[in-house]
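This structure is a prediction, so every number in the text was calculated from the model and none was measured.
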Protein chains: 2
Amino acid sequence: MKETDHTIEAKILNAAENVFQRKGMDGARMQEIANEAGINKALLHYYFRSKQLLFEAVFKKAFSLLAPQLNKILNDDSSVEDKIKNFSFNYISFISEHPYLPNFIISELNRNPNFFLTIKEPHGFPRLDKFKKQVETDVEKGILKPIKAEQLFMNIIALNVFPFIGKPLIKSITNVDEETFNALLEERKTQVATFIIDAIKTR
Amino acid sequence: MKETDHTIEAKILNAAENVFQRKGMDGARMQEIANEAGINKALLHYYFRSKQLLFEAVFKKAFSLLAPQLNKILNDDSSVEDKIKNFSFNYISFISEHPYLPNFIISELNRNPNFFLTIKEPHGFPRLDKFKKQVETDVEKGILKPIKAEQLFMNIIALNVFPFIGKPLIKSITNVDEETFNALLEERKTQVATFIIDAIKTR
DNA sequence: ATTTAGTTTAACCAAATGGTTAACAAAGGT
DNA sequence: ACCTTTGTTAACCATTTGGTTAAACTAAAT
């Protein structure tokens, strides 16, 4: 993991990232973040006024890592089939490097759904429009079986994201160890796309 | 919602359920639970010794609602195809009545993966064995395309559970309102099964 | 009627927590 | 050199929080 910067602000942000993503907003302690950053607790408040603001900074940074991944599938120029293949492969690789990310985003979003409105404005927030038209066209052409873009999108995200979020549950039920589970994830990099395409393509 | 019982203990458990499932272990406050149960805070500790124990009671109760749903798909005698159809339909109906349940279980499991070991012992904890053999047999027979039972299981759970957990995210990106989102969920009761079956069945 | 056991409450407590303050150090401009 | 701004810290503070206590109430048993 290459630390982006060694300014104090970056050290704080990194430490906060770790703590918040492991413990969530409510479980995180400012003191723990300070310790992990190797600084005084008052300095946290000097750089980021409050826990809430520090949390928002972390959340926005996290989401700004995820957003481009989503945009890739939505606003690309490639075919639906290629999008599914690329997204599944890249996403699973990407998240394997940031395993806390999906659970963090989704948990905190459930804790406070309204908070999302704050973020929707600035950078390239993912929008479905283009993907939607593409799917509708392909369905009309008879390339794809009839399916709403929203449903297909939900399915793609679900199949790729859920294994990371549901990992403890799945590991328990399927009774596999860490190593085997990771092997399953590796396998999914290609299998998920095949699964989806088999489900939607006419022949 | 028919309250199961009006004994104090049940009132506490109900209140704790609401608060814990809304705010999580860390975000929940004993005082809030007491208020919601309409009793004194000390009484919480009289019935359940600590916050931790009260939480565990709530978690176990919640999981004991989910477990039979999972067992249905795992230990049933019906065909793989029927299992997928029944599970998808029933699960989405069931969760629509308990919308906080999946997020609660999964979030808390991620917060403390070890905790699950406590629960694994007692009642019918879901096991994959039977379903696994069934899938392997069907693959050998050529009824199903080659797929590991673990992967298929993950896919089924992902497609059914994720929309509830990822609701805030999905609603934002697809830009649909509450009503439309619920309509999509309703549609999924049958569409998810079709999607899966199209993906795995040979023809 | 009195004891006894279980139930319920108000008041209390120690620890933890987010946040502040005031003093001090470093750096930069003049 | 001197002063102003910015960065950093230890000590402190008010509030919140999970948990306790001791007393009061209730109802059944003796």
Side-chain angles (χ1 to χ4, degrees), chain A residues 3-62 100 104 107-109 111-112 114-115 118, chain B residues 3-62 100 104 107-109 111-112 114-115 118:
Chain A
E3 303 309 304
T4 44
D5 211 348
H6 275 194
T7 76
I8 292 272
E9 191 166 339
K11 270 204 285 193
I12 293 178
L13 218 54
N14 265 325
E17 227 171 277
N18 289 337
V19 176
F20 275 129
Q21 294 188 14
R22 256 185 291 128
K23 315 240 173 138
M25 168 68 167
D26 292 329
R29 296 289 162 250
M30 293 298 266
Q31 186 60 58
E32 193 182 349
I33 296 175
N35 293 343
E36 193 144 330
I39 54 155
N40 190 285
K41 180 162 66 93
L43 208 45
L44 292 183
H45 289 89
Y46 179 76
Y47 281 93
F48 303 82
R49 276 187 18 183
S50 65
K51 188 185 184 185
Q52 176 66 26
L53 287 175
L54 177 53
F55 172 79
E56 286 177 18
V58 168
F59 188 92
K60 281 175 189 166
K61 189 181 166 196
Y100 287 110
F104 173 67
S107 287
E108 296 302 329
L109 233 38
R111 210 177 48 85
N112 181 8
N114 296 350
F115 171 56
T118 323
Chain B
E3 303 309 306
T4 45
D5 211 349
H6 275 192
T7 78
I8 294 270
E9 192 166 338
K11 268 203 286 194
I12 293 178
L13 219 53
N14 266 325
E17 228 171 277
N18 290 337
V19 176
F20 275 129
Q21 294 189 12
R22 256 185 290 128
K23 313 238 174 141
M25 168 66 168
D26 292 330
R29 296 290 161 248
M30 293 298 267
Q31 186 59 58
E32 193 182 348
I33 296 175
N35 292 344
E36 192 142 332
I39 56 156
N40 190 285
K41 179 163 67 93
L43 207 46
L44 292 184
H45 289 89
Y46 179 77
Y47 280 93
F48 304 81
R49 275 186 19 176
S50 64
K51 187 186 184 184
Q52 178 64 26
L53 287 175
L54 177 54
F55 172 79
E56 287 177 18
V58 168
F59 188 93
K60 281 175 189 166
K61 189 181 166 196
Y100 286 110
F104 173 66
S107 287
E108 296 302 329
L109 232 39
R111 209 176 49 85
N112 181 8
N114 296 349
F115 171 55
T118 323

[X] and [Y]: which non-hydrogen atoms are nearest, and at how many Å?
X	Y	result
A:Glu108	A:Gly24	OE2-CA, 3.3 Å
B:Ala28	B:Val19	CB-CG1, 3.7 Å
A:Ser50	A:His45	CA-CD2, 4.2 Å
B:Leu13	B:Lys61	CD2-CD, 4.1 Å

request  = Grab the CZ-P distance between B:Phe55 and D:dG18 for me, whole Å please.
outcome  =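 Roughly 14 Å, once rounded to whole Å.
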Protein-nucleotide distance (A:Asp26, atom CG; D:dG18, atom C1'), rounded to Å =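 Result: 16 Å.
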request  = Could you label the plane-to-plane angle of the B:Phe59 and B:Phe115 rings as parallel, tilted or perpendicular, counting under 30° as parallel and over 60° as perpendicular?
outcome  =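 Rings of B:Phe59 and B:Phe115: perpendicular, over 60°.
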task = Just call it for B:Ala34: base, sugar-phosphate, or nothing, with non-hydrogen atoms closer than 4.0 Å on any strand.
result =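 Result for B:Ala34 = nothing.
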key: Close side-chain approach of A:Lys23 to A:Arg29, heavy-atom, < 4.5 Å   =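 The answer is no, as the side chains (C-beta and beyond) never meet within the 4.5 Å cut-off.
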inquiry  = Any heavy-atom pair between the side chains of A:Arg111 and A:Asp26 that's under 4.5 Å?
reply    =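 Result yes, sub-4.5 Å side-chain heavy-atom pair found.
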ask   = So how far is it from A:Leu44 CG to A:Ile12 CD1, rounded to the nearest 0.5 Å?
value =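 The distance works out to 5.0 Å.
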key: Distance, nearest 0.5 Å, that separates CG of A:Asn14 from CD of A:Glu17   =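 Here the rounded value is 5.5 Å.
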Contact interval (first through last nucleotide) of DNA chain C with protein chain A, 4.0 Å heavy-atom =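 From 5' to 3', the first and last contacting nucleotides are C:dT17 to C:dT21.
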Contact list (N/O, under 3.5 angstrom) for nucleotides 13-16 of chain D vs protein:
none

ask   = Using a heavy-atom distance cut-off of less than 4.0 Å, which residues of residues 40-49 of chain A contact DNA chain D?
value =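 When residues 40-49 of chain A is checked for heavy atoms under 4.0 Å from DNA chain D, the hits, listed by number, are A:Asn40, A:Ala42, A:Leu43, A:Tyr46, A:Tyr47.
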inquiry  = Centroid separation under 6.0 Å, is that true for the rings of A:Phe20 and A:Phe55?
reply    =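 Here the rings of A:Phe20 and A:Phe55 have centres that are less than 6.0 Å from each other.
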